[in-house]
Structure formats: structure tokens, C-alpha cells
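The structure presented is a predicted model; accordingly, all values stated were derived computationally and were not measured. Protein chains get the first letters and strands the later ones, always in sequence-line order, with residue 1 at the start of each.
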There are 4 protein chains.
Amino acid sequence: MTVHSATERSDRSDKRERILLAAERIFARHGFFAARVSEIAKEAGVADGTIYLYFKSKDDLLISLFEQRMKQVNEALRTAIAGVPPKDQLRAFIKAYLKLVHDEPGAAEVLTIELRQSSKFMKEYDNPQFVDFLRMLGGILAAGQQRGELDDTIPAHVAARMIFGMIDELALAWVLARQPSISTGTPGTRPKKFDIVRAADWVVALVTHGLQLKEKSP
Amino acid sequence: MTVHSATERSDRSDKRERILLAAERIFARHGFFAARVSEIAKEAGVADGTIYLYFKSKDDLLISLFEQRMKQVNEALRTAIAGVPPKDQLRAFIKAYLKLVHDEPGAAEVLTIELRQSSKFMKEYDNPQFVDFLRMLGGILAAGQQRGELDDTIPAHVAARMIFGMIDELALAWVLARQPSISTGTPGTRPKKFDIVRAADWVVALVTHGLQLKEKSP
Amino acid sequence: MTVHSATERSDRSDKRERILLAAERIFARHGFFAARVSEIAKEAGVADGTIYLYFKSKDDLLISLFEQRMKQVNEALRTAIAGVPPKDQLRAFIKAYLKLVHDEPGAAEVLTIELRQSSKFMKEYDNPQFVDFLRMLGGILAAGQQRGELDDTIPAHVAARMIFGMIDELALAWVLARQPSISTGTPGTRPKKFDIVRAADWVVALVTHGLQLKEKSP
Amino acid sequence: MTVHSATERSDRSDKRERILLAAERIFARHGFFAARVSEIAKEAGVADGTIYLYFKSKDDLLISLFEQRMKQVNEALRTAIAGVPPKDQLRAFIKAYLKLVHDEPGAAEVLTIELRQSSKFMKEYDNPQFVDFLRMLGGILAAGQQRGELDDTIPAHVAARMIFGMIDELALAWVLARQPSISTGTPGTRPKKFDIVRAADWVVALVTHGLQLKEKSP
DNA sequence: GATGAATGAGGCTTCATTCAT
DNA sequence: GATGAATGAAGCCTCATTCAT
């Protein structure tokens, strides 16, 4: 849907978007540091210099890409939980997130992997969209705690991070499992492919009931 | 304990270890890509070329560092769960892992952040120590499932990944929160510092019982 | 008088002049090489491409600017010595030149500094206006020599260059001294500001009588 | 004497000097801005990167070159006036300077032309060696004024600048006249070649007695 | 004539790696 | 084994110039 052919030149004025799309692909292919600006330009069908009409630097390109995609994710999540009864919002949130990963693996790759490639990004860049994401999730949990539905032993913002960790790791495992293995290494070490959408139910189950079976009452 | 002074020159033949230690510090400080081999050499108190007597390349240095540290982690975890009753091993495993993060933040930073900085590392390198880690955790879960103590709806290896995601994310949040914030940005966006060791209990609680309160029986 | 507002857009067809004016300001501000064509365009209130309707290249812009200003200088000098008794022309010439520097420091900066920034300009460009300048000055000197008023030991064209060197250096020192010192360096190294118009008398004095006091006769 | 062959590779440890020599030649050939670092490296017989072991940047190379050469000039001038009776020092100074220009035209070219190519250099860099030069010359003049031998109407530091302007302009004219004319322009516009050493006498004559002939007393 | 988005050649600089000592 | 000066490939980015509108 949002993926354009690299050679498409019809629309103008969407050059910025074309560059972002190209960057997403190239970053996913090689990683941020190994990605070459000139290769992104070629993939976008523009001259090298053109990129610098829309972005200040390669770093800015990564940050802009991340912000745009994360913003889209946040919007989709907000839509997904709108109109859903509060007690079902957590499930809706998690399912929607993993559905997005499934539908837009390129974007997911940027969010799970490239995001962590730039120390600058990790250590110096305050990340409003990610904060927004955590606040949304934390808000759902806090509301549940206030309604007395959720255990409030764990601070909502910590629980939010734990849940993010779970689904982010699943997304990462799934995205990497999709890669045709380049390595000549021993087979079997790569995570087995699994159904990321179905995994949403597992996450919800773990988060709601935990793993421990109730002791069977007599 | 394992931290040597950079200027220590006493023992010879431990040069390899000195270099790994220096690399850990420098990688933690700047990230893998921004780290300079010459800076690692200086920190280790050796000449640039000496590093290449012990490691094939900068990449090899990262991988060796990761493997060594992860191996130590795995050994520590194995020790931590040895002699512990099966039903308590999951708790012991999680607590031990987060305790290690707390005691060796430098190593934790390498494991949580730098690990993801090299695409090579993420995509091309089959990672025996990480596989070992996941197998150990998965084994604990599978055993619990077989004993009928744990819900076996979720495949053990997926549950292991989810749990790893949780504790890795907590470790990451905690490690980053330790950084003196360089940015002049708006305060409050940086994750609040929390007690990583105490957080172990939260993780165990979430994993065992989940968040949902039992419906109050009348 | 010759300085137009950068935003002035009234007269059309004087675009060429507006561009020259803008170039003068920007060259004076940053130097020829550091000056950006796009900045000149902005200062002139025209599009980048428009400059190329009036000038072949950035080099051509510098040369055109120099020629135009030098031509104006030569015209002003010719006017200044017209009708002046031959024996007073040298004095009139020098005073007029330094008066121009004082009144049009922007133009002076182009003539004294930027002129030397382009190797092309210095080495490959035959400079008719500068030749004209030297001929005018040399002519005054040669006439004085022929009238027997001036020492003819020194070839007139060499003397002309020496005099030009003197007043050009004074102009340069004066122009640079006008700059608000950006450097935080030790004070006192920047040339002290002096009265460039009054300095004309010193030049005339040096050129006519030299520095050496006549030996007092008993 | 100080000019080494570009291909000479015998001496090591004089690499820094070889690079300076190469830079002098290349700057003289193309000008600072048009000079390519890689061409300097080739001329010096070193790799591109080697230059950056000895100089921080291309700018630093120009500044270092200027400082070193100007320092040599100042030392030579100090030697030239040492032991000379005060009243003859001005003559000795001027003659020595123009002799240096004659003997080291490459260095002269850097001092007269390239020096002015970098705005940075002209406007932001406080130039201790040039200040030293002017102080030496100003000191000679001031001493003469105090001894009552020289006219003190003109401030010594202004007179020093005027004299510098004269000899610098002569040096420039002479250096440029040496160039094989690349231009296809009209002949005759290039300054005629003259004897720069002999011109020293003219400068001294002008500075001491001026151009004006004493009116013949009856 | 005027525009300004787009171009793309090319430079300065970095830094992992080598190798003569 | 150890050194560290030297290498040189290669990338990010700039900016004068063009040309379709």
C-alpha cells in the first residue's frame, strides 16, 4: 500500500516521502551505519544532493524516518483502542501493534533494529514519539489499576516498558527470522518462524494471567 | 572485581583481557561504530597494532567481547539455578540476570546496546552464547510445563523470548537512565531511575500471575 | 549614495546593479571563495538562476564587480586631478584615492582583499582597469620627472607601483581595523584604527620628501 | 638550497618539512583554494592521510606554512640588521627583505599572495609573525625618530605599514611577472620584469629623500 | 525574463589495518 | 611479541550551475 516502486517517477512533490521509503529499505538491508547515502539516493531515484534538500544529514534522515513511522504507529494504535471498552484496550493495543509489525515489516525493522544503531539516537536524542507510545500504554495500564482491574504493585510505567520489551523482542525475532539466512553457519540457530499475529494472544495471556497455572482446587 | 586499571601493566599475557576490558569501556562510552580502535588501544595501554595480534578485526573484537561476557553471564546463571528446586528456578534465573546487570553495568551496556549496533552481528552472526541463554531459559519453562506447573499454551521458546524481551528492556532503560543526561532537552523524557534488582520481583510477578486481579469472589 | 537597500525592488532592469551591490556586500562579508551564490541572490532579492542571466559565472561576477568599481574609481580620480596644476596632481590623486576608501569601504574591501582571493584573477586575468590606474599614476609621475620636479632615478612605473602599494596597504589596514574583532585573542595585535583621510598627508609627505630630516645646516 | 626534489625519499622524519615544501609549490601553482590536498600529498610523496598526521587541516597547513616561512624571514632580517649602525638599519632591512624575495620566490609567493586567500586568515587569525615583522620595522623607524634623524610627523607604526606596502607590492609584481603568462590576453599588460634587488635602492631612496627634487638654490 | 528545485562532480577528511623496525 | 607511523580507500556533504515551468 505505502510501498512505491523505486523507479516510479510519476508523482512529484512526494520526493521527501520517496526518500524516506528508500531509506527505510536501505537501512533495513544494511543497517544505518553500513547504509550509503548514495545508495539511498539511487533507490529513491534522485541525485545524492537532493536528499540534503529535505534532510539536514544522514542522522536527520534516520531520526525523521523513525519519527514519521512511529507517529503513524501511534496514530494507528490510538485508532485501534478508540471506542474499545477500557478493559479490552490492553488486548487491542497489543494485537494492533503486532498486526502492524506483520503488515509493515520494513517499518518494523527500522523501529526495532535501526533505532538502536545510533548512539546519538539512543543516548542524546529525546524521543517524543517513543515517549508518546509508552505513555499511551502506561495510561491504559494505570486506568486499569485505578479501576481495580489490574494489580498495582508494579508501577504502570515500568509495566509498560516490560510489555514493550516483550512485543519488541517478538517483533525483532520475527523480522530477523524472515531474512534469508546469509550466513553459512549451522542451521537451526536462527529463530524459528512463528505467527506474529497469533503471538499477540500469547502476550495478552502472559500479561493478564501469567504463566503459572492456578493450583487446582479440590 | 573484574575491572582492572587501564594503566595496570603488571601481568603480561593478560593483554587480551586488558583489550577486552578497554573495548567494553569504549564501546559503552561511544557505541560500536563511533568507537575508535586507537582509543581502545590507548585505554588498554597497548599499541594500535597489538590489538590485531589478538583479534582479527574490530568486528571480531565486538563478537569476542560479547561471547566472553555472555558466556560469563550464562555461567553465572547456571550457577544461580543449580541446586534450586525446579519450581523456583525461573525466579532465580530472572533475579540473577538483573543482579548481574546491576553489578556489571558496563557489560550490560554491551549486551543490551552494542549488541544491536552491528548489522553483521544481528543478521549474519550466529550467536551460540545467546542461543545457549535462550535454551537455558526455555528449558526451565519447558520443564515447568511438563510438570504441569506452567501453562503450555505458549511455546516455551516463545515465552523465553518474551521474558528475555522484558528483562532486556528493563536493563536497557536502567542503563540509559544511569547516563548523566547530556541533552538540554525538556526534562522528564528520560526514563526515571528505578531499582533494577527490585524490578526482578515485578518481572517474576508478571510472569507468574499476570497483571489481572482475580475476580473477587463474593 | 550608491548603496541601495537590499529589499528595494522598485526599479526593474537595474537588477544587474542590485546583484553587483549584493555581491559586494557578501564578498566583503565572507570573502570570494566562502561567499555563496545563493546568498548573493538572496541579498539581491532575486532567484539563484537570475544571476546567470546577467553573469556567466561566479568568477565573472567578481571580475565584473571589480571592473565596475575600479572604473568608477578611475573616473573619480580623473575628475579629481582635472584642472589641478600638474605639480599638485600627485597630492590630489593620493588624497582622492584614500577619500574614496573612506567613503566606500565596501568597494575598498573588494578592491584590496577580494581582488587577491582568486588565483584566476591574479594570474590569468589581464586587468585593464588596474592597468589604467597604474598608467594614470605613472603618467603623473613621469610628467613630473620630465618637468624636472621629480627625481627620475626611479622608473615612473615602478614608483607608481610603490605608491599604490603604500596606499593599498593603508586601505587594507584601515578596512580590517574597522572589523569588529571576532577573535578572542590577545588584544593589541589588530591594527589600531587611524584616520585614513589624514593618512593621505603622510603618504604625500613620504613620497615627496621622504623620512630623512635634512641635516641641520650650522 | 632548501628546495628538495619531490621524489626524494631518502630522509625520513623530515616528512613534515617535505609536506610544507610541497604545499608551498602547489599553493604557488594553483592558489590556496584551488590547491588539492591530494595533489600536495602526491608532490610530497606521501599518502593523503599522512598530511593529517602533521597538520590538523588544509587551513592549518597554510597557516603553519606561513608562520614557518615568515619566522625564517624575521630571523633573516634580524640577522641582517644585527651589528649594523642604527642609521643604516632601515636600508639593510629593506635590502634584506627584497633579497629574500629574490632568492626564495616560492616562499615570497606564499607570503604575498596565498596569505590573502583565506578570509579566515585575514580576518580571524591574529598573526604573530606578521606583527613581529611590523614591530621590527616600526622599531627601526621609531629609534630613528628618537635620534632625531627621521621625521616624526608620521607615526612609526603607520610608516612601517607604508613601507611594507611598498615592498610587498614590488614583491608581488615581481613574482607575478615571473610567471609564464598562461593568459591568451593582449600582451603588454603584464608588469615588466625588473630587478627586484636593485629596486631595494629605489625604495630606500624614496623612503629617505622622497621623490621631490630639492629646488635648486641659485 | 524569472524562478528555484534538482543535479552530480568532486573535495576534505577519517580510520581500520598493515608492516618495517 | 610489540610498536605506531603510514597508508589509501571511501563517505558525507557542498554548492555552482542548469533547465523545465
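Between Ile19(B) atom CD1 and dT17(E) atom P the separation is 14 Å, expressed in whole Å. Rounded to a whole Å, the CD atom of Glu39(B) is 14 Å from the C1' atom of dT14(E). Rounded to a whole Å, the CG atom of Asp48(D) is 13 Å from the P atom of dT14(E). Following rounding to the nearest Å, Phe32(D) (CZ) and dC12(E) (P) show an atom-to-atom distance of 9 Å. Taking atom CD1 of residue Ile51(D) and atom P of nucleotide dG8(F), one finds them 13 Å apart after rounding to whole Å. Lys58(B) places its NZ atom 11 Å from the C1' atom of dT14(E), with the value rounded to the nearest Å. Following rounding to the nearest Å, Arg36(A) (CZ) and dG11(F) (P) show an atom-to-atom distance of 5 Å. With rounding to whole Å, Phe33(C) atom CZ is found 14 Å from dG11(E) atom C1'.
In terms of phosphate contacts, Tyr54(B) brings a side-chain nitrogen or oxygen within less than 4.0 Å of OP1 or OP2 of dA2(F). Close to dG1(F), at under 4.0 Å from its OP1 or OP2, lies no side-chain N or O of Lys15(B).
Checked against dA2(E), dT17(E), dC12(E), the side chain of Val37(D) finds its nearest nucleotide in dC12(E). With dT7(F), dT17(E), dC13(F) as the choices, the nucleotide that has an atom nearest any side-chain atom of Val46(D) turns out to be dT7(F). In the set dG8(E), dA16(E), dA5(E), the nucleotide with an atom closest to the side chain of Leu53(A) is dA5(E).
Residue Ala35(D) is classed as a sugar-phosphate contact, given heavy-atom separations below 4.0 Å to backbone atoms only.
If Ser38(D) and Ser57(B) are placed on DNA chain E by their nearest nucleotide, the residue sitting closer to the 5' end is Ser38(D). Between Thr50(D) and Lys56(A), it is Thr50(D) whose nearest contact on DNA chain F lies nearer the 5' terminus. Both Gly49(B) and Ala47(D) sit near DNA chain F, but only Gly49(B) has its closest nucleotide nearer the 5' end.
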_Audit row: Glu17(D), Gln68(D), side chain to side chain donor-acceptor pair (under 3.5 Å) steps and yes/no_ = CA-CA 10 Å; Glu17(D) 190 55 28; Gln68(D) 209 223 31; 2.9 Å; yes
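Closest approach of Ser57(D) and Tyr52(D) over heavy atoms only: CA-CE2, 3.9 Å. Contact record, His30(C) with Ala35(C): CB-N, 4.1 Å, taken as the closest heavy-atom pair. Here the closest non-hydrogen pair linking Ala107(B) and Arg69(B) is CB-CD, 3.9 Å.
Salt bridge absent: Glu24(C) and Arg29(C) never bring a charged side-chain N and a carboxylate O closer than 4.0 Å.
Looking at DNA chain F, the stems built from 3 or more consecutive Watson-Crick or G-U wobble pairs, each pair with its key distances under 3.5 Å, are E:2-21 with F:2-21.
Here Phe55(C) pairs with Arg16(C), Ile19(C), Leu20(C), Ile51(C), Asp60(C), Leu61(C), Ser64(C) under the side-chain contact (heavy atoms from CB on, under 4.5 Å) rule; sequence neighbours left out.
A cation-pi arrangement is present between Lys58(B) and Phe32(B) under the rule of less than 6.0 angstrom and at most 45 degrees off the ring axis.
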